[in-house]
Amino acid sequence: MKRLIGFELKKILKKKILWITFAVCLIFQLFLTSASYLISSRYVDGKFLETKADWFKTDRKNSENLSGRKIDDTLLSEIEESKKYIPLSKDEAESYEYLSSDNYNKKVRPYEGVNRLVQFMLADGIEKGASYTTVTQKVLYNTRHKGQEKLWDSSKLSDSEKEYWQNKEEKLPDVFTYKYGGTFENLVGMGGCYYICMFVIFFIAICITGIFTDEHIRRTDQLILCTKYGRIHSYIAKISAGCIITTCMALILWIVTFICFTIIYGKGDFSAMVQVTMVSLSLYPGDITIGQAAVIMTILLFISSLMFSIITMALSELLNSSIGTMAIIIVTGVFIARLVMVPENFKFLHKIWNMIPINLLKADQGFFNIHLWNVFGAKFTLWQMAFAVYIITSLVFFLIGKRKYCKYQISGR
């Protein structure tokens, strides 16, 4: 088996299309993670303000300076004090003179990250027509709870789902502590596992589909399938080789992304709450940290990559067509999955749709989706259920492909 797998790997690695596709995916991932940092600059009123690199460094420094502070009355009062230096006119607040001034850079900008978070926590909970001139600790967290209730109602959660999340919410501290997410936050964001997943799917569709079909097209299957190990051993070797190549591709992209993020954003705090590192998740009631989320997403990325690899190879054997399989994987696995949105009214389909890897690894859509699966009375989030679904799906397609490959008859052409 070791020799068979080695032989299959050798055949795959000799294909030029594999190296071209890998190079293109790697370049695009590097561009998406680093381009704005390396080559972009900020211009205001036609005047140069700062490079994107300086922008990121300043925001990172400000966030790290505030990291570890509780978002309580003391910090909120400092934020309110900083707002006195913001011009009332929107045009003035966005002018070069203001954005380059000491008032902005030394008194307002240091609090922008936390202030943005506070505004998100307040946004969905404020009653229509109401406003707060002064935000206090009590107002902030009470308004956040009101926003959660609105979110749960608009998402049409059942009473048991609300009870589940209420129990999770009670495990969170009464007063949040701000911590800088750094690399972990960006791995969870779109630039991390989400983009890697998308490029891996393209790589699989282009490079893995030919593992089985090339034999039939070139008619070398007549030689392979009549040998002692031409059936089940050959099938396992091909599947193993495809999975190894896919895993290596995903691993290289992940390592490159991790290094880029660490250089640009710093490591960050593993224990930071997702509610304070990702402002769009400020209402999320789960007690998971940003570091844990990054680790779980990474594991799901690799499991889903293996699943797509096995599905692709099984489909290519069933259809006996590389082009047809490539079209199915790319169109359904990327384009349709991203372009089509299933409303929350159709709860079952909504949950199924958001468990597709490209959707699940988009943090605010799938991974932190608040709908739950009820399995014999036990509640599971979408990402928890995905582990079992991806493994079972991989096994099913492995067996379907095995049955077709082992019963294939040369004379049937």
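Because only heavy atoms are used, hydrogens play no part in the values below, and waters and symmetry mates are left out as well, while side chains stay in. FYI, the numbering just counts along the sequence from 1.
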Please check this pair: side chain of [X] against backbone of [Y], looking for a donor-acceptor N/O pair closer than 3.5 Å.
X      : Y      : answer
Asp72  : Leu75  : yes
Thr183 : Thr262 : yes
Ser101 : Tyr98  : yes
Asp45  : Ser95  : no
Ser34  : Phe31  : no
Thr209 : Ala205 : yes
Ser82  : Ile79  : yes
Arg144 : Ser282 : yes
Gln275 : Asp287 : no

Indicate, with yes or no, if the rings of [X] and [Y] have centres closer together than 6.0 Å.
X      : Y      : value
Trp353 : Phe348 : no
Trp373 : Phe380 : no
Tyr235 : Phe212 : yes
Phe270 : Phe184 : yes

For side-chain hydrogen bond (donor to acceptor under 3.5 Å, both in side chains), just list the numbers for Tyr111 and Glu80, CA-CA rounded to whole Å, side-chain angles, deciding distance to a tenth of an Å, and then say yes or no.
CA-CA 10 Å; Tyr111 296 100; Glu80 290 299 318; over 6 Å; no
Does a donor on one side chain sit under 3.5 Å from an acceptor on the other, for Tyr104 and Glu97?
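Glu97 and Tyr104 do not have a side-chain donor-acceptor pair below 3.5 Å.
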Asn354 and His371: side chain donor to acceptor below 3.5 Å
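No, His371 and Asn354 have no side-chain donor paired with an acceptor closer than 3.5 Å.
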Single hit among Val114, Leu140, Asn115, Val139 for side-chain contact (heavy atoms from CB on, under 4.5 Å) with Leu76
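In the set Val114, Leu140, Asn115, Val139, the residue that makes a side-chain contact (heavy atoms from CB on, under 4.5 Å) with Leu76 is Leu140.
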Would you call [X]-[Y] a salt bridge at under 4.0 Å N-O?
X      : Y      : value
Glu169 : Lys162 : no
Glu64  : Lys61  : no
Lys146 : Glu149 : no

Please indicate whether [X] has more than 12 foreign heavy atoms, meaning atoms of other residues, nucleotides or ligands, lying under 6.0 Å from its [atom1].
X      : atom1 : result
Phe56  : CZ    : yes
Asp159 : CG    : no
Lys106 : NZ    : no

Please find the pair of heavy atoms, one from [X] and one from [Y], that lie closest to each other, and give the distance.
X      : Y      : value
Trp165 : Ile370 : NE1-O, 2.6 Å
Ile329 : Ile201 : CG2-CG2, 3.9 Å
Ile5   : Ser240 : CD1-CB, 3.9 Å

With under 30° as parallel and over 60° as perpendicular, where do the rings of Trp19 and Phe22 fit, or are they tilted in between?
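Trp19 vs Phe22 ring planes: perpendicular.
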On the 0 to 90° scale, with breaks at 30° and 60°, tag the Phe202-Phe335 ring pair as parallel, tilted or perpendicular.
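Answer is perpendicular, since the angle exceeds 60°.
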Distance (rounded to the nearest 0.5 Å) between Met249 CE and Ser305 OG
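Taking CE in Met249 and OG in Ser305, the distance rounds to 9.0 Å.
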Solution key, residues 339-347 side-chain donor-acceptor pairs under 3.5 Å, sequence neighbours excluded:
unit_1 : atom_1 : unit_2 : atom_2 : d
Lys347 : NZ     : Lys156 : O      : 3.3
Lys347 : NZ     : Glu161 : OE1    : 3.0

Check step by step if salt bridge (charged side-chain N to carboxylate O under 4.0 Å, His left out) holds for Arg109 and Asp59.
CA-CA 8 Å; Arg109 192 171 182 178; Asp59 286 350; 3.4 Å; yes
Could you tell me if the side chain of Gln29 sits less than 4.5 Å from the side chain of Ile196, heavy atoms only?
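Side chain of Ile196 against side chain of Gln29, heavy atoms only: contact under 4.5 Å found.
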Under the criterion side-chain hydrogen bond (donor to acceptor under 3.5 Å, both in side chains), I'd like the reasoning laid out for Thr257 against Thr33: C-alpha separation, chi angles, the key distance, then a yes or no.
CA-CA 7 Å; Thr257 302; Thr33 56; 5.5 Å; no
